[in-house]
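Numbering starts at 1 and runs along the sequence shown. Both counts, for ligands and for their atoms, begin at 1 and track the order of listing.
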Amino acid sequence: MNLVDRLRDTVGASHVLTDGDLSAYQIDWRKRFRGRALAVVRPATTAEVAGIVHLCAEHATSIVTQGGNTGLVGGSVPDATGSQVLLNLGRMNKVRAIDSANQTLTVEAGCILQSVQETAAQHGLLFPLSLAAEGSCTIGGNLGTNAGGTQVLRYGNARELCLGIEVVTADGEVWDGLSGLRKDNTGYDLRDLYIGSEGTLGIITAATLKLYARPAAVSTALAAVPTLAAAVDLLDLARARLGPALTGFEVMGRHALDLVRKHCPQLQQPLAPTAWTVLLEQSDAESEAHARTVFEALLETALERGIVGDAAVATSLEQSNAMWHLREAIPLAQADEGPNIKHDIALPVSAVPAFVAEADAALLAAFPGSQLVNFGHLGDGNLHYNLQGPPGVEARAFLDAGEARANRIVYDLVGRHGGSISAEHGIGVLKRAELAERKSPVALKLMRAVKAALDPHGRLNPGRVL
Ligand code: FAD
Ligand code: ZN
């Protein structure tokens, strides 16, 4: 029997797709990578995943693992050879257990992030991982990429929010590491090896996640700041005043919000167009009234010191959500505008203003008339530092002609300022060559040794990361 027929026997014929419109599985979110799979296979259980891995090993066939296919580096779609099995975990979406006293939730890897947040909320608890793709990305993908998002400042990346995982190894064995332990020093940390490995070491089939108490009130404010240095000063002040209650600190450049004005005119913008807008979020343990008083005092001090020019504090949940919508609409508005050159970079917060001044100048000199769409998680030193072509220039042509040169300018400066070329999106296919060029040779040697040990035949997500 051929592989596809054996896969049908394993998961049921209706869960092995080989024809019809498979673009949702085979084209990535940015539409930059278009592949073709031998078959799209949608298992429902860990045992079925293990069975698929065994079969693919027998047929010397490689596997690309996929969750919600919202990844931004081309790691979740097959290559164009038509020879890879695309393993989509969307049907593995059950909640396995909730332990309120231990503040943990165990879910299957295909659970949508938003439904995990909702399950935690139904039990009076908080799962804080939050990102604009939360309505379609999955826990498996979040852990596969070690996703960041908007609450990292307070709660950490996906890695920090995961206590245990279940993995199907490249040999098709199941490692049950679903511990709900906050302390466990029994040898090498296998969990953290798999998290962030982008499906190249094993397939995560379930996870035990860390929950938190829900805050009494969440309050949001927008502040106009004249420079990025002032934004960093505001971060300093907010940290000093709010401590751990500061749960979000996002920055949005002028062009980023202009794109939202253009493509999402239905979204109200409370502040007039300004060089930089900061979105602050506070999670208060007392009450909404308390949160607002603290925010108002903070912003008043910032106004007096000349750090902030204008500010708006949300007075209702609707207003607060509307402020977040502005931030979350930026990648969508950018996608509507057309292809652009994206950089997901991390820097020490202290280095952000100098980096941006140097990179802006270098890019504008190299690409006169181009537009810098700069926004991101400033509280974590993580910028989405993107370059859009000059008005009137076809976006795809600008991307094709300019990407390599723009990347060199940006990543050389990132290196000089002690930063990273991938803060939260990962390496995938898109940044593989950059990683090989810029990661230290010792680190690359160790990473290759890990890959060879855990996936000796190179069957899991080949051609990604390394
Ligand atoms: P996929 O795209 O399906 O896969 C991503 C990678 O993980 C692939 O390499 C895949 O092979 C691997 N993978 C998937 N499932 C598993 C599994 N079960 N086991 C092992 N490996 C697996 N990311 C951020 O970090 N922060 C953000 O703020 C953010 N904002 C975004 C906003 C938008 C509008 C979009 C479209 C994306 C955003 N992303 C962000 C990127 C993306 O949403 C995240 O990386 C997300 O975690 C990917 O989840 P997914 O289920 O869609 O994974
Ligand atoms: Zn982000």
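Salt bridge absent: E358 and R416 never bring a charged side-chain N and a carboxylate O closer than 4.0 Å. Under a 4.0 Å N-O distance rule, the pair D258/K262 does not qualify as a salt bridge.
For atom 39 (N) of ligand 1, the closest heavy atom belonging to the protein is L72 CD1, 4.0 Å. For atom 2 (O) of ligand 1, the closest non-hydrogen atom on the protein side is G71 N, 2.7 Å. Nearest protein heavy-atom contact of atom 10 (C) of ligand 1 is T65 O, 3.1 Å. The nearest heavy-atom contact from the protein to atom 4 (O) of ligand 1 is S76 CB, 3.4 Å. Atom 23 (N) of ligand 1 has as its closest protein heavy atom H425 CD2, 3.6 Å. Looking only at heavy atoms of the protein, atom 42 (C) of ligand 1 is closest to T70 OG1, 3.3 Å. In terms of protein heavy-atom proximity, atom 27 (C) of ligand 1 is nearest to E424 OE2, 3.4 Å. Looking only at protein heavy atoms, the nearest one to atom 33 (C) of ligand 1 is A133 CB, 3.8 Å.
The two residues T45 and M92 have their closest heavy-atom pair at C-CE, 3.7 Å. Closest approach of D380 to L153, counting heavy atoms only: OD1-N, 3.1 Å.
The aromatic rings of H384 and H377 stand perpendicular to each other, their planes meeting at an angle above 60°, with 30° marking the opposite boundary.
If you number the atoms of ligand 1 from 1 as listed, the ones under 4.0 Å from a heavy atom of N142 come out as 46 (C), 47 (O), 49 (O). For ligand 1, the atoms lying closer than 4.0 Å to a non-hydrogen atom of A132 are 32 (C). Applying the 4.0 Å criterion to heavy atoms of H377 picks out, from ligand 1, the atoms 28 (O). The contact set between ligand 1 and T145, taken as ligand atoms under 4.0 Å from a residue heavy atom, comprises 5 (C), 6 (C), 7 (O), 45 (O), 47 (O). Those atoms of ligand 1 that come under 4.0 Å of a heavy atom in N461, given as number and element, are 9 (O), 11 (O).
At least one N or O atom of G68, backbone or side chain, sits closer than 3.5 Å to an N or O atom of ligand 1. For the pair E198 and ligand 1, the shortest N or O to N or O distance falls below 3.5 Å.
Each of L7, L86, L89 was compared with V41 under the side chain to side chain contact (heavy atoms under 4.5 Å, CB included) criterion, and only L7 meets it.
For the residue pair Q282 and S219, no side-chain donor N or O sits within less than 3.5 Å of a side-chain acceptor on the partner.
Residues R438 and D412 meet the side-chain proximity criterion, which asks for heavy atoms closer than 4.5 Å.
V450 pairs by the side chain to side chain contact (heavy atoms under 4.5 Å, CB included) definition with L193, L201, L454, not counting sequence neighbours. Qualifying side chain to side chain contact (heavy atoms under 4.5 Å, CB included) partners for E328, counting only residues two or more places apart in sequence or in other chains: A132, W324, H325. Evaluation of the side chain to side chain contact (heavy atoms under 4.5 Å, CB included) rule for E403 yields R32, I341, L399, N407, L430 as partners, not counting sequence neighbours.
Scanning C111, A109, G141 for the heavy atom closest to atom 53 (O) of ligand 1 points to G141.
At a cut-off of 2.8 Å, measuring from the Zn ion (ligand 2), the protein N, O or S atoms that fall short of it are H377 NE2, H384 NE2, E424 OE2, waters left aside.
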